[in-house]
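The block underneath contains the structure these notes are about, expressed in structure tokens.
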Number of protein chains: 2
Amino acid sequence: MKNDDVLGVAMAAYWQGDPADVSVNAITQMAGISKPSLYREFGSEDGLKLAVLDRYAAQVLSEMFVILQGGHGLRATLDAMIDFASDDPRMETGCLFYKMRAGKHRLGPLTRARVEQIDAAGQAAYAAFLQSRRDAGEGIGGLPVDVAAEYLGEQIALAITRRAAGEDAARIRVMLTLALSVLERP
Amino acid sequence: MKNDDVLGVAMAAYWQGDPADVSVNAITQMAGISKPSLYREFGSEDGLKLAVLDRYAAQVLSEMFVILQGGHGLRATLDAMIDFASDDPRMETGCLFYKMRAGKHRLGPLTRARVEQIDAAGQAAYAAFLQSRRDAGEGIGGLPVDVAAEYLGEQIALAITRRAAGEDAARIRVMLTLALSVLERP
DNA sequence: ATAATTAAATACCATTCGGTAACAAAATGT
DNA sequence: ACATTTTGTTACCGAATGGTATTTAATTAT
């Protein structure tokens, strides 16, 4: 087991459970390496979590940005987001980013800063998407773009978080579709 | 400082922050009592949290049930719920019950069982309310009652949780009103 | 082959956690 | 007045945490 494998093991562990409930001891054990090796590679628990989050962002969150920037219509894009949140098998145990965001106060300064940065980027991406749809003449519920963007982001987060809690995927789809239907009004 | 004061101190501490981040040591210190005193009174950390949750349910959650069982119309009841979630000063730091539910896996068996029990009672109350409104001829978005009940409960929880995260109250009101507007359709 | 350097592991540190045993003080019953 | 029970405190326990100093093993350089 080496470098990248350790990151993979850590990401899986954080992602599967709650990042705050997985100790560095547990990770070294799972990865089959010693604790000083991990600390030489990542500096601290905070450094490890930051590296994991960056990997997760590049590997998973990027897909959400791709969907938003695909240039498709409001309906098609929202449907794609609903599909991702409700049915993508990788979201079965929730979203690592949302888990970290929910327990932000338990993170070290490096990871917390990155969480806030990614959160802001997400909000901006939602807003840019909605602005482009409004410019294209599609109604977004008559809402200010930033409000609609935050609403959209929070509903997606809620759906994925409930999925991590073991809620039935079909039911989540129904409720998320319902929540987002308000964005498809004039 | 005695018995009930300790409960009050513990409730305030758990409510203000995150129940999982407040140690029994911290509580004894805040309450100005020794640790064995606390353990003699409540048996364990789990017992203390259970007592706090019961007190919170009787003192705060009961108001939500009162609103739901007030026998008023759909619009009036939802507005009252929106008021409570968005503007009641006691929800400024969030809802202790929702905080415990969010960190359910970190609770002891007694408290976790009570959380699940209260959660089920809440769901039932939402469902009974919606069923009564539908029976009275008011539309609830054409949804099955249990789905609408869960949707309503989750949107309330989301609003209050966001409030604990420091989000602006007016903005939360807008978003919650938006989310619940789907229940006022035929 | 041997010396210098890098990598890894063992064994440890201080702190905090929930929880308790042993003991002192105060109230209560007789 | 004395014995008993309750109430509270100090001081401790074992386990787990994040993090390191020290030592051993494996490279690499000469």
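Chain letters run A, B, ... following the sequence lines, proteins first, then strands; residues in each count from 1.
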Expressed as a whole number of angstroms, how long is the span from [X]:[atom1] to [N]:[atom2]?
| X | N | atom1 | atom2 | answer |
| --- | --- | --- | --- | --- |
| A:Arg106 | D:dT17 | CZ | C1' | 15 Å |
| A:Leu38 | D:dT20 | CG | C1' | 14 Å |
| A:Glu41 | C:dT6 | CD | C1' | 14 Å |
| A:Lys49 | D:dG18 | NZ | P | 8 Å |
| A:Lys35 | D:dG18 | NZ | C1' | 7 Å |
| A:Asp21 | D:dT17 | CG | C1' | 13 Å |
| A:Ile27 | D:dA16 | CD1 | P | 17 Å |
| B:Phe42 | C:dG19 | CZ | P | 14 Å |

Considering only side-chain heavy atoms of [X], which listed nucleotide, [options], is closest?
| X | options | result |
| --- | --- | --- |
| B:Tyr39 | C:dA9, C:dG18, D:dT9 | C:dG18 |
| B:Ile33 | D:dT9, C:dT10, D:dG18 | D:dT9 |
| A:Glu45 | C:dT20, D:dG19, C:dG18 | D:dG19 |
| B:Val24 | D:dT17, D:dT9, C:dG18 | C:dG18 |

Phosphate OP1/OP2 of [N]: any [X] side-chain N/O under 4.0 Å:
| X | N | value |
| --- | --- | --- |
| A:Ser37 | C:dA9 | yes |
| A:Asn25 | D:dG18 | yes |
| B:Ser23 | C:dC17 | yes |

Could you please spell out the steps behind the salt bridge (Lys or Arg N to Asp or Glu O under 4.0 Å) verdict for B:Lys99 and B:Asp18? CA-CA 7 Å; B:Lys99 286 184 177 187; B:Asp18 188 315; over 6 Å; no
In sequence, state the C-alpha distance, the side-chain angles, and the governing distance for A:Asp46 and A:Arg112, and then conclude on salt bridge (Lys or Arg N to Asp or Glu O under 4.0 Å). CA-CA 9 Å; A:Asp46 195 15; A:Arg112 179 162 53 232; over 6 Å; no
Looking only at heavy atoms, the pair that brings A:Ala169 and A:Arg163 closest together is CB-NE, 4.3 Å
Any carboxylate oxygen within less than 4.0 angstrom of a Lys/Arg side-chain nitrogen, looking at B:Glu63 and B:Arg90? yes
For the salt bridge (charged side-chain N to carboxylate O under 4.0 Å, His left out) test, which of A:Asp87, A:Asp168, A:Asp88 pairs with A:Arg173? A:Asp87
Is any N or O donor-acceptor pair between the side chain of A:Arg40 and the base of C:dA7 shorter than 3.5 Å? no
